[in-house]
Amino acid sequence: MFLGIVLGLVIMGATVYMAINKKSTFHLRLVCLGALALMMITVIICLFVIFSDDTVVIDPSTLIVGEPAPVKEKDDSGFFVLIFSIIFFIILFAVIVFLTMREHKRSDN
């Protein structure tokens, strides 16, 4: 899992670099912005899945036949984490779009 997170961050960093790089063409920048948008949408969907899961892991050695399955207690902190992470990703994407377009205007002149 750690390797996957590191690999994802490296790919995201390379995509941001290619979007902001002075030598990138306008089409490459648009493709990089599209890839970043898809990455952020994927992360937001995964956060929805993680925070909406209410299953409890059951240890088979302590399982009692006929006993109802336990349900996770409701915790509202996940909702706030989800909202703040969505806002963070939107602001991050807006900053990257701003920097990309500013660099594109500089390279046109």
Side-chain angles (χ1 to χ4, degrees):
M1 185 171 145
F2 178 73
L3 181 64
I5 293 171
V6 171
L7 184 63
L9 288 174
V10 168
I11 291 172
M12 185 179 256
T15 308
V16 170
Y17 174 76
M18 290 300 294
I20 299 176
N21 190 8
K22 294 178 182 181
K23 298 177 184 176
S24 298
T25 63
F26 183 67
H27 297 302
L28 180 63
R29 291 176 186 189
L30 288 179
V31 169
C32 289
L33 289 176
L36 279 172
L38 286 176
M39 284 181 204
M40 291 182 184
I41 289 170
T42 304
V43 169
I44 289 171
I45 290 171
C46 289
L47 287 173
F48 270 115
V49 170
I50 289 170
F51 287 117
S52 67
D53 186 24
D54 63 349
T55 58
V56 176
V57 179
I58 301 172
D59 184 12
S61 65
T62 62
L63 184 64
I64 300 173
V65 178
E67 183 178 306
V71 179
K72 187 187 281 185
E73 297 175 7
K74 281 289 185 186
D75 187 16
D76 291 336
S77 65
F79 176 74
F80 294 113
V81 170
L82 186 63
I83 295 298
F84 286 129
S85 62
I86 290 172
I87 292 170
F88 171 75
F89 283 126
I90 290 172
I91 291 172
L92 179 66
F93 186 71
V95 167
I96 292 171
V97 167
F98 173 74
L99 291 174
T100 302
M101 292 302 132
R102 186 177 73 178
E103 190 60 42
H104 175 69
K105 287 185 181 189
R106 280 186 190 171
S107 66
D108 277 349
N109 294 334

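Nothing here was measured: the structure is a model prediction, and the numbers come from that model.
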Exercise: identify the closest heavy-atom pair between Glu103 and Ile20: CG-O, 3.3 Å
Nearest atoms (heavy-atom pairs only) where Arg29 meets Ala19: CG-O, 3.4 Å
Chi angles and distances behind the side chain to side chain contact (heavy atoms under 4.5 Å, CB included) call for Met101, Leu33: CA-CA 11 Å; Met101 292 302 132; Leu33 289 176; 4.0 Å; yes
Steps toward side chain to side chain contact (heavy atoms under 4.5 Å, CB included) verdict (Ile11, Met39): CA-CA 10 Å; Ile11 291 172; Met39 284 181 204; 3.7 Å; yes
Out of curiosity, [X] [atom1] to [Y] [atom2], how far, rounded to the nearest 0.5 Å?
X     : Y     : atom1 : atom2 : answer
Met12 : Leu36 : CE    : CG    : 6.0 Å
Phe80 : Ile83 : CZ    : CD1   : 9.0 Å
Cys46 : Ile44 : SG    : CD1   : 10.5 Å
Ile41 : Phe89 : CD1   : CZ    : 11.5 Å
Ile86 : Ile91 : CD1   : CD1   : 12.0 Å
Phe88 : Met40 : CZ    : CE    : 7.5 Å

Passing candidate, side-chain contact (heavy atoms from CB on, under 4.5 Å) with Phe93, options Ile90, Val95, Val97: Val97
Cluster question for you: counting only ILVMFWY and a side-chain heavy-atom cut-off of under 4.5 Å, with indirect links fine, are [X] and [Y] together?
X     : Y     : result
Tyr17 : Val31 : no
Leu47 : Leu38 : no
Leu92 : Phe48 : yes
Ile5  : Ile50 : no
Val43 : Leu7  : yes

Under 3.5 Å donor-acceptor, Thr15 side chain and Cys32 backbone: no
